[in-house]
There are 2 protein chains.
Amino acid sequence: MEKSIYTTRYTTLCMRMREARRAAGLTQVQVAKQLERPQSFVAKYEAGERRLDVIEFLDVAKVIKLDAIELIANLQKIA
Amino acid sequence: MEKSIYTTRYTTLCMRMREARRAAGLTQVQVAKQLERPQSFVAKYEAGERRLDVIEFLDVAKVIKLDAIELIANLQKIA
DNA sequence: GCGCAGTATCCTTATTAAGGATATTGTGTC
DNA sequence: GACACAATATCCTTAATAAGGATACTGCGC
């Protein structure tokens, strides 16, 4: 687990989630509402301040219309 | 995010990780060493006491030779 | 039943999450 | 450029979770 690579992957993950949300035309408030969480939750995971576990990630991906499989595949290549 | 479904998915995730490790012929100690973590870390995530974030999961999957993509795809179907 | 490998659990401290409130930033309009 | 308001980021306190070594349990071959 190299530190720099770990960081790179996390950055990629966060960026992709933000992009997907915007591409879906959603605000953090709208996503938060669907997830039944406060807006700060969305702000934090997009900023990398809050890590998402596997299941949480899938829930988020569904709401923001992110292709989880494709992203996971890409992250594997980085690793 | 229904509670029962959430739990089901987590159970599936944990089970699949344990099965994969065994199928790879690895002990928790061996996996822990490769991950540079204590054995209790492995015991805990297999028991669902410790949640893995997306990147950690990919690191684990690599070591235990688990097909992350296939598992993610299955978890999506459950959701 | 013994001995040992493997796994689970316990315990204390450190780190992270929660989430409402507030501050800051971004965007369109005039 | 400044105003108004939507959108996002940050702060703060408390609660929950993670860390990880030590120890207890379990299962298996002999």
Side-chain angles (χ1 to χ4, degrees), chain A residues 1-66 68 71 75 79, chain B residues 1-66 68 71 75 79:
Chain A
M1 287 199 211
E2 263 196 50
K3 188 67 178 177
S4 61
I5 288 174
Y6 192 83
T7 303
T8 300
R9 284 184 292 170
Y10 239 101
T11 303
T12 300
L13 176 60
C14 294
M15 275 181 15
R16 290 291 307 274
M17 290 195 290
R18 174 162 300 190
E19 287 168 6
R21 173 178 60 80
R22 287 178 174 159
L26 297 167
T27 66
Q28 291 185 349
V29 171
Q30 291 173 314
V31 173
K33 192 168 186 179
Q34 286 197 62
L35 295 171
E36 298 184 83
R37 300 267 195 163
Q39 170 264 333
S40 57
F41 172 76
V42 178
K44 282 172 184 172
Y45 77 63
E46 286 190 355
E49 287 174 25
R50 167 65 161 80
R51 291 184 175 180
L52 296 178
D53 67 44
V54 179
I55 307 300
E56 285 175 331
F57 167 69
L58 291 179
D59 289 334
V60 168
K62 189 175 182 180
V63 171
I64 67 178
K65 295 172 179 38
L66 170 67
L71 178 49
L75 291 173
Chain B
M1 289 199 212
E2 263 195 50
K3 189 68 178 176
S4 59
I5 288 173
Y6 194 82
T7 303
T8 300
R9 285 184 291 168
Y10 240 100
T11 304
T12 300
L13 176 60
C14 294
M15 275 181 14
R16 290 290 308 273
M17 289 195 290
R18 174 162 301 192
E19 287 167 5
R21 173 177 61 79
R22 288 178 174 159
L26 296 167
T27 66
Q28 290 185 349
V29 171
Q30 290 174 314
V31 173
K33 191 168 188 180
Q34 286 198 62
L35 295 170
E36 299 183 81
R37 299 265 195 166
Q39 169 264 334
S40 58
F41 173 77
V42 178
K44 281 172 184 171
Y45 77 62
E46 286 190 356
E49 288 174 23
R50 167 65 160 80
R51 291 184 175 179
L52 295 178
D53 67 44
V54 179
I55 307 298
E56 286 174 331
F57 167 68
L58 292 179
D59 288 334
V60 168
K62 189 175 183 182
V63 171
I64 66 178
K65 295 172 179 38
L66 169 68
L71 178 50
L75 291 173

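Values in this document were obtained by computation on a predicted structure and should not be read as measured data. All heavy atoms count here, side chains included; hydrogens, waters and symmetry mates do not.
Of the candidates B:Arg37, B:Arg51, B:Lys62, B:Lys44, B:Arg37 is the only one forming a salt bridge (charged side-chain N to carboxylate O under 4.0 Å, His left out) with B:Glu56.
Regarding A:Tyr45, its OH atom lies at a distance of 18 Å from the C1' atom of D:dT10, rounded to whole Å. One interatomic measurement links the two molecules: OH of A:Tyr10 to C1' of C:dT16, which rounds to 12 Å at whole-angstrom precision.
An end-to-end axis angle of 50° holds for the helix from C:dG1-D:dC30 to C:dC30-D:dG1, taken from five base pairs per end and rounded to 10°.
Within the 4.0 angstrom heavy-atom criterion, only backbone atoms of the sugar-phosphate kind lie near B:Arg18; the bases stay farther away. Heavy atoms of A:Arg21 sit under 4.0 angstrom from primed sugar atoms or phosphate atoms, though from no base atom.
For A:Thr12, the side-chain contact (heavy atoms from CB on, under 4.5 Å) partners at least two apart in sequence or on another chain are A:Thr8, A:Arg16, A:Leu75, A:Ile78.
A:Ala68 and A:Ala61 make their closest contact through CB-CB, 4.1 Å (heavy atoms, listed as atom of the first residue, atom of the second, distance).
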Take nucleotides 12-30 of chain D nucleotide by nucleotide from the 5' end and write B, S or -, depending on whether a protein heavy atom sits under 4.0 Å from the base, only from the sugar-phosphate, or from neither.
------SBBB---------
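With rounding to the nearest 0.5 Å, the separation of CE in A:Met17 from CD1 in A:Ile64 is 6.5 Å. Distance CG/B:Leu52 to CZ/A:Phe57: 14.5 Å, rounded to 0.5 Å. The line from CD of A:Gln28 to OH of A:Tyr45 is 8.0 Å long, rounded to the nearest 0.5 Å.
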Under 3.5 Å donor-acceptor pairs involving side-chain atoms of residues 18-25 of chain B, not counting sequence neighbours:
unit_1: B:Arg18; atom_1: NE; unit_2: B:Glu46; atom_2: OE1; d: 2.8
unit_1: B:Arg18; atom_1: NH2; unit_2: B:Glu46; atom_2: OE1; d: 3.1
unit_1: B:Arg21; atom_1: NE; unit_2: B:Glu46; atom_2: OE2; d: 2.6
unit_1: B:Arg21; atom_1: NH1; unit_2: B:Leu26; atom_2: O; d: 2.9
unit_1: B:Arg21; atom_1: NH2; unit_2: B:Glu46; atom_2: OE1; d: 3.2

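Counting heavy atoms from C-beta outward, B:Arg9 and A:Asp59 have side chains that approach closer than 4.5 Å.
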Between the protein and nucleotides 2-4 of chain C, which nitrogen or oxygen pairs are less than 3.5 angstrom apart?
none

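The stretch residues 23-33 of chain A has no heavy atom under 4.0 Å from DNA chain C, so no residue of it qualifies as close.
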